[in-house]
Amino acid sequence: MSVVHHLPPGWLLDHLSFINKVNYQLRQHQDSFCSKNNPTSSVYMDSLQLDPGSPFGAHAMCFAPDFTTVSGNDDEGSCEVITEKYVFRSELFNVTKPYIVPAVHKEHQQSNKNENLVTDYKQEVSVSVGKKRKRCIAFNQGELDAMEYHTKIRELILDGSLKLIQEGLRSGFLYPLVEKQDGSSGCITLPLDACNLSELCEMAKHLPSLNEMELQTLQLMGDDKSVIELDLSSQIIENNSSFSKMITLMGQKYLLPPQSSFLLSDISCMQPLLNCGKTFDAIVIDPPWENKSVKRSNRYSSLSPQQIKRMPIPKLAAADCLIVTWVTNRQKHLCFVKEELYPSWSVEVVAEWYWVKITNSGEFVFPLDSPHKKPYECLVLGRVKEKTPLALRNPDVRIPPVPDQKLIVSVPCVLHSHKPPLTEVLRDYIKPGGQCLELFARNLQPGWMSWGNEVLKFQHMDYFIALESGC
C-alpha cells in the first residue's frame, strides 16, 4: 500500500513503498541443465532485445528468449530456474532538506496566516543607484493571478499538510532530521539517459508501418521459439504474467512490471491505442506543458494547449470516465484545462486536488510563499458527461462523488517528473475492475495501460538494484 495515512485533509503517500510492492522478479534460466528432447517441456520468454540486423533498422525489437525446459522426469534432465528480485533505489527518495530555503522567505513562513500576500507582492520593486533611478520592475498579470490563487488555497495547503505531517511523525514514517543523521547524505549519482526514447519514437515514424489489422497488441507470454521482429511504435506491448519481463532497447535494459501494458510512441502515433478495442474508466494525463524553464533546459519537447486539446480523449474514455490532469502552477494552464480543455472533451470539472512535496522530516521542499517555486502542484479532476442514460448500469455499484480540495502529501522522487502513484487514492472513485490509462507516462504500473514517448524512462535497470536471488 502506498497510503500511509488517510485523514480528512487527504493522504500521506509512500511512493517508494508503492514501487517496491510490485513483484519485480525475473526468472533466469540455466539452459545447460535443461533437457532438449522432452516433448512435454515448457518454454518461457523473459526478455526482448533489439535486433541490429532487422529490416526495420536499429529501432526494431525482436525476441531473444532464454529457453527453460521444465521436465517432470528426473532421468531426462532438469532445469534450474533462478528468481532474482529487484527494488527501486531508495536513495532516489532521500530528500533530507528543502531544495531552497532563502532567508527572504523565512519571515513569510513564520508570519501571520491572515496577512494579505497579494497586496504585499503587488508592490513594485525599484532599485536606486546614486541619483539615477532604475526602472520599476512589476509583476506581470500572470504572476499576479498566481499569487491571488495561492492566497486562496494557502490555508488549505498549510493546515492540511500539517495534520498529515504530524501523523507521519507520530507513526515514524517521517522523522526529525537529527535522528537520522548518519553522515551518508551526499550527491546521488543518477544514471545517464543513454537511450533517448523520445528520439527513438521520432525516428520510428519514418519506418515502414505495420498493417493496422496486424499485430496491434503483442503479449509477452508466448511459448514461440522463433524470433519475432516488430515495429515498436505500432504495437501495444503487454506483460500479462505474474513475473517481470526485461526488454533491451538500443543496448539499455528496462524492467516491465507484471500485469502491465504500454505503447511507446509520440502523439502522432496513437492509433494502436485507439485500435486496441478498449475504453478506460480512469485516464490520468501529465501533459508536457510549455514553459520557459523546459525550453531553456531542452529537457523534453513540450506541446501547445491546442495540441493537447486535439488528443482523442473522447474516443478513449468510457462512460462516466474519471479524467485527472496534472497542471503546473501557471494560472494560464489551469484556466485552460477548466474552461476550454475539459469542455471540448465533454468533461465536467468535479474537483481540484494538490500534490504537496515534503522532505523526509516533513518540511516543504520549497518555501510555501516563494514567488518562484511552490511546494505543490495541482490536479484537476473531471467526469465525462453522459450522452445517454446508462440503462444497463448495475444499481448495486455506487461510486461516491469525488471530494474537492484534497491533498496528496509525499516525499518526491529526485528524478524530474516522477509523479506519485494515484492508484490507491482514485480507487474509490472508479468502478470496480475499471480499466485505467496514463498518458504521457514515464513509468509503468500493474493493471494500467501506459502511453508516451518516454513511457519506459523510469523503468531503466539503473534505477533498480538486485535484492536477492534463489532457486
Exercise. Which is it for E348 and K385 under the salt bridge (charged side-chain N to carboxylate O under 4.0 Å, His left out) test, yes or no, and what are the steps along the way?
Worked result: CA-CA 6 Å; E348 179 183 4; K385 297 177 183 177; 5.9 Å; no
State, with a plain yes or no, whether a side-chain heavy atom of [X] is found less than 4.5 Å away from one of [Y].
{"X": "V350", "Y": "D404", "result": "no"}
{"X": "F464", "Y": "V87", "result": "no"}
{"X": "T359", "Y": "P98", "result": "yes"}
{"X": "H372", "Y": "F366", "result": "no"}
{"X": "S260", "Y": "Q445", "result": "no"}
{"X": "H15", "Y": "V411", "result": "no"}
{"X": "Q25", "Y": "S242", "result": "no"}
{"X": "E340", "Y": "Q306", "result": "yes"}

Taking all non-hydrogen atoms of both residues, which atom of [X] and which atom of [Y] are closest, and how far apart?
{"X": "W353", "Y": "P403", "answer": "NE1-O, 2.7 Å"}
{"X": "P287", "Y": "F440", "answer": "CA-CD1, 3.8 Å"}
{"X": "N443", "Y": "E438", "answer": "O-OE1, 4.4 Å"}
{"X": "E424", "Y": "F18", "answer": "OE2-CD1, 4.1 Å"}
{"X": "Y254", "Y": "L456", "answer": "CD2-O, 3.2 Å"}
{"X": "S241", "Y": "P258", "answer": "O-CB, 3.2 Å"}

For this session: Let me see the working for H6 and V425 under side-chain contact (heavy atoms from CB on, under 4.5 Å), right down to the final yes or no.
Result: CA-CA 9 Å; H6 183 192; V425 299; over 6 Å; no
Can any side-chain N or O of [X] pair as donor or acceptor with the backbone N or O of [Y] at less than 3.5 Å?
{"X": "Q459", "Y": "L444", "answer": "yes"}
{"X": "S161", "Y": "L158", "answer": "no"}
{"X": "R89", "Y": "Y463", "answer": "no"}
{"X": "N329", "Y": "A146", "answer": "no"}
{"X": "N20", "Y": "Y24", "answer": "no"}
{"X": "K374", "Y": "P367", "answer": "no"}
{"X": "W11", "Y": "L164", "answer": "no"}
{"X": "N453", "Y": "I267", "answer": "no"}
{"X": "N23", "Y": "F243", "answer": "no"}
{"X": "D281", "Y": "L322", "answer": "no"}

Problem set entry | Distance-only donor-acceptor check, side chains Y342 and T325, under 3.5 Å |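 Result is yes, a qualifying pair exists.
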Exercise. Distance only, no hydrogens: is a donor on one side chain within 3.5 Å (strictly under) of an acceptor on the other, for W448 and T423?
Worked result: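 W448 vs T423: donor-acceptor pair found between side chains.
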Problem set entry | I323 and its side chain to side chain contact (heavy atoms under 4.5 Å, CB included) partner, picked from V349, I285, L381 |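 Of the listed residues V349, I285, L381, the side chain to side chain contact (heavy atoms under 4.5 Å, CB included) partner of I323 is I285.
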For this session: Before giving the answer on side-chain contact (heavy atoms from CB on, under 4.5 Å), spell out for V455 and L263 the whole-Å C-alpha distance, their side-chain angles and the decisive distance to 0.1 Å.
Result: CA-CA 8 Å; V455 71; L263 172 65; over 6 Å; no
Rounded to the nearest 0.5 Å, how far apart are [atom1] of [X] and [atom2] of [Y]?
{"X": "E167", "Y": "L12", "atom1": "CD", "atom2": "CG", "answer": "9.0 Å"}
{"X": "L422", "Y": "I408", "atom1": "CG", "atom2": "CD1", "answer": "5.0 Å"}
{"X": "F173", "Y": "S410", "atom1": "CZ", "atom2": "OG", "answer": "8.0 Å"}
{"X": "L174", "Y": "N360", "atom1": "CG", "atom2": "CG", "answer": "7.5 Å"}
{"X": "K278", "Y": "C436", "atom1": "NZ", "atom2": "SG", "answer": "11.0 Å"}
{"X": "S417", "Y": "E377", "atom1": "OG", "atom2": "CD", "answer": "7.5 Å"}

For this session: Please test D286 against R442 for salt bridge (charged side-chain N to carboxylate O under 4.0 Å, His left out), starting from the C-alpha separation and ending with a verdict.
Result: CA-CA 10 Å; D286 186 13; R442 295 180 179 89; 3.6 Å; yes
For this session: Would you please name every residue forming a side-chain hydrogen bond (donor to acceptor under 3.5 Å, both in side chains) with S261, sequence neighbours left out?
Result: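 side-chain hydrogen bond (donor to acceptor under 3.5 Å, both in side chains) list for S261, sorted by chain: empty.
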Problem set entry | Derivation and outcome, side-chain contact (heavy atoms from CB on, under 4.5 Å), residues L334 and C378 | CA-CA 8 Å; L334 184 61; C378 182; 3.9 Å; yes
For this session: Measure from NZ or CZ of K419 to the centre of the six-membered ring of W326 and say whether it is under 6.0 Å with the direction within 45° of the ring axis.
Result: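 K419 over W326 ring: yes.
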For this session: Would you please classify the geometry between the H418 ring and the F88 ring as parallel, tilted or perpendicular, with 30° and 60° separating the classes?
Result: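 Rings of F88 and H418: perpendicular, over 60°.
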Problem set entry | Partner residues of F280 under the ring pair (Phe, Tyr, Trp, His ring centres under 6.0 Å) criterion, sequence neighbours left out |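 Applying ring pair (Phe, Tyr, Trp, His ring centres under 6.0 Å) to F280 gives none.
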For this session: Tell me, with the steps shown, if L26 and L255 meet side-chain contact (heavy atoms from CB on, under 4.5 Å).
Result: CA-CA 9 Å; L26 287 178; L255 272 176; 3.7 Å; yes
